[in-house]
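First up is the structure itself, then whatever we jot down about it.
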Amino acid sequence: MALYATELRKEYEQGRLLKGDVGDDPLALFHAWLEEAAQAGIHEPNAMTLATADSRGRPSARMVLLRGADAQGFDFYTNYESRKAQELAENPWASLVFWWGSLERQIRVEGQVAKLTDAESDAYYHSRPKGSRLGAWVSAQSRVIPDRSVLETRHAKLAEQYADSDPERPPFWGGYRLTPTVIEFWQGGPHRLHDRLCFRRSDGEEWTVERLSP
């Protein structure tokens, strides 16, 4: 028998999110929540949904890993020929969502995305395990392949080729940074009266914070 929404309901009662407690720096609050998620033992707390849309407004979403976050923005890495990269080339506006269910928390981030510099992408690429560096060369991301053996064979050949040396970063692989204009913090509340505090800014101005109805 299928489960329906009425059978899956739960009450949210972990905590409250009050405007007077968050300060005026959403990045500081983001890092505090991320650290609490890590301390709570959440698997890959830096996992986030990246939502993009093509030039006709057709959306797509997938999970990626956050690899850096500071006052400049939120960084992630991918193949520049992937679907997400093609959509970002057509429409550079995107959204991120972090969901930490056991803490009853969500963070939404909206903003414009641009490529990181070659130096930034090189530095991150060379920090990865060697197998992952080879994997970036192997995968023509989002392309159709006949079966998994194609990937395994390519990886094995590259592992042999670079047994005593290190591969350079593929020119088709690197980083992106989403510069936020909106960061919204959501804390689950009883009776579906959730707390939503939304920070907004435009043109590099100071952040303003508003409470949104759930």
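Residue indices begin at 1 and follow the sequence shown. Here the structure is a predicted model, which is why all the values come from computation and not from measurement.
Under the 4.5 Å side-chain contact rule for hydrophobic residues, V182 and V97 do not share a cluster. Under the 4.5 Å side-chain contact rule for hydrophobic residues, L65 and L96 do not share a cluster. One hydrophobic cluster, built from ILVMFWY side chains closer than 4.5 Å, cannot hold both W99 and L212; they sit in different ones. Under the 4.5 Å side-chain heavy-atom criterion for grouping Ile, Leu, Val, Met, Phe, Trp and Tyr, I42 is connected to W33 within one hydrophobic cluster. A continuous path of ILVMFWY side-chain contacts below 4.5 Å connects W207 to V209, so both sit in one hydrophobic cluster.
Closest heavy-atom contact between L134 and A159: CD1-CA, 3.7 Å. Here the closest heavy-atom approach between residue P45 and residue L34 is recorded as O-CD1, 3.6 Å. Of all heavy-atom pairs spanning R196 and P214, the tightest one is CD-CA, 3.9 Å. The heavy-atom pair separating T49 from A61 by the smallest distance is CG2-CB, 3.9 Å.
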Let me see the working for R62 and T52 under side chain to side chain contact (heavy atoms under 4.5 Å, CB included), right down to the final yes or no. CA-CA 9 Å; R62 75 290 291 161; T52 56; 3.1 Å; yes
F30 and V109: side chain to side chain contact (heavy atoms under 4.5 Å, CB included), yes or no, with the steps? CA-CA 10 Å; F30 170 81; V109 185; 5.7 Å; no
Tell me, with the steps shown, if N91 and S55 meet side chain to side chain contact (heavy atoms under 4.5 Å, CB included). CA-CA 6 Å; N91 175 6; S55 59; 5.8 Å; no
Evaluate the side chain to side chain contact (heavy atoms under 4.5 Å, CB included) criterion for residues L50 and F74: first the C-alpha distance (whole Å), next the side-chain angles of each, then the deciding distance (0.1 Å), finally the verdict. CA-CA 11 Å; L50 167 65; F74 295 74; over 6 Å; no
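More than 12 non-hydrogen atoms from other residues, nucleotides or ligands lie less than 6.0 angstrom from NZ of K130. Other residues, nucleotides and ligands place no more than 12 heavy atoms under 6.0 Å from the CG atom of D24. Within a 6.0 Å radius of CD in E206, other residues, nucleotides and ligands contribute 12 heavy atoms or fewer.
Of the inter-residue distances, the one linking I183 atom CD1 with R200 atom CZ reads 12.0 Å to the nearest 0.5 angstrom. Taking CZ of R177 as the reference point, atom OG1 of T117 lies at 7.5 Å (rounded to 0.5 Å). Atom CG in N79 sits 7.5 Å away from atom NZ in K84 (nearest 0.5 Å). Going from atom CZ of R133 over to atom NE2 of H126 covers 7.5 Å, rounded to the nearest 0.5 Å. For the atom pair CH2 of W137 and OH of Y162, the computed distance is 6.0 Å after rounding to the nearest 0.5 Å. With values rounded to the nearest 0.5 angstrom, H194 atom NE2 is found 9.5 Å from Q106 atom CD.
Side-chain contact, S139 with R154: no donor N or O sits under 3.5 Å from an acceptor N or O. One side chain, Q39 or E35, offers a donor N or O that lies under 3.5 Å from an acceptor on the other.
Looking at N46 and E44, their side chains come closer than 4.5 Å, going by heavy atoms from C-beta outward. With a 4.5 Å cut-off on side-chain heavy atoms, R83 and Q141 do not count as touching. Counting heavy atoms from C-beta outward, F185 and L17 have side chains that approach closer than 4.5 Å. Residues L27 and D70 are not in side-chain contact: their nearest non-hydrogen atoms beyond the backbone lie 4.5 Å or more apart. Side-chain contact between V64 and T78: absent, with no pair of heavy atoms (C-beta onward) separated by less than 4.5 Å. With a 4.5 Å cut-off on side-chain heavy atoms, P180 and F199 do not count as touching. The side-chain heavy atoms of Y77 and L116, taken from C-beta on, include a pair separated by under 4.5 Å. Using a 4.5 Å heavy-atom cutoff, the side chains of R169 and D118 are in contact.
Taking a cutoff of 4.0 Å between a charged side-chain nitrogen and a carboxylate oxygen, D195 and R211 qualify as a salt bridge. Between D21 and R16 there is no salt bridge, since no side-chain nitrogen of the basic residue lies less than 4.0 Å from a carboxylate oxygen of the acidic one. Using a cutoff of 4.0 Å between basic side-chain nitrogens and carboxylate oxygens, R67 and D75 are not scored as salt-bridged.
For the salt bridge (charged side-chain N to carboxylate O under 4.0 Å, His left out) test, no residue two or more places apart in sequence or in another chain qualifies with R56. Under the salt bridge (charged side-chain N to carboxylate O under 4.0 Å, His left out) criterion, R201 pairs with no residue, sequence neighbours left out.
The backbone N or O of L197 lies less than 3.5 Å from no partner atom in the side chain of E210, so there is not a single donor-acceptor pair. Here the side chain of T179 pairs no donor or acceptor atom with the backbone of G73 at under 3.5 angstrom. Of the possible polar contacts, none joining the E110 side chain to the T181 backbone as a donor-acceptor pair under 3.5 Å is found.
Ring-plane geometry between W173 and Y124 is classed as parallel, the angle between the planes falling under 30 degrees on a 0 to 90 degree scale with a further cut at 60. The aromatic rings of Y176 and F76 sit parallel, their planes meeting at an angle under 30°, below the 60° perpendicular limit.
For an aromatic pair to be called close, the ring centres must be under 6.0 Å apart, and W186 with F98 fails this. Centroid-to-centroid, the aromatic rings of F172 and Y80 stay 6.0 Å apart or farther.
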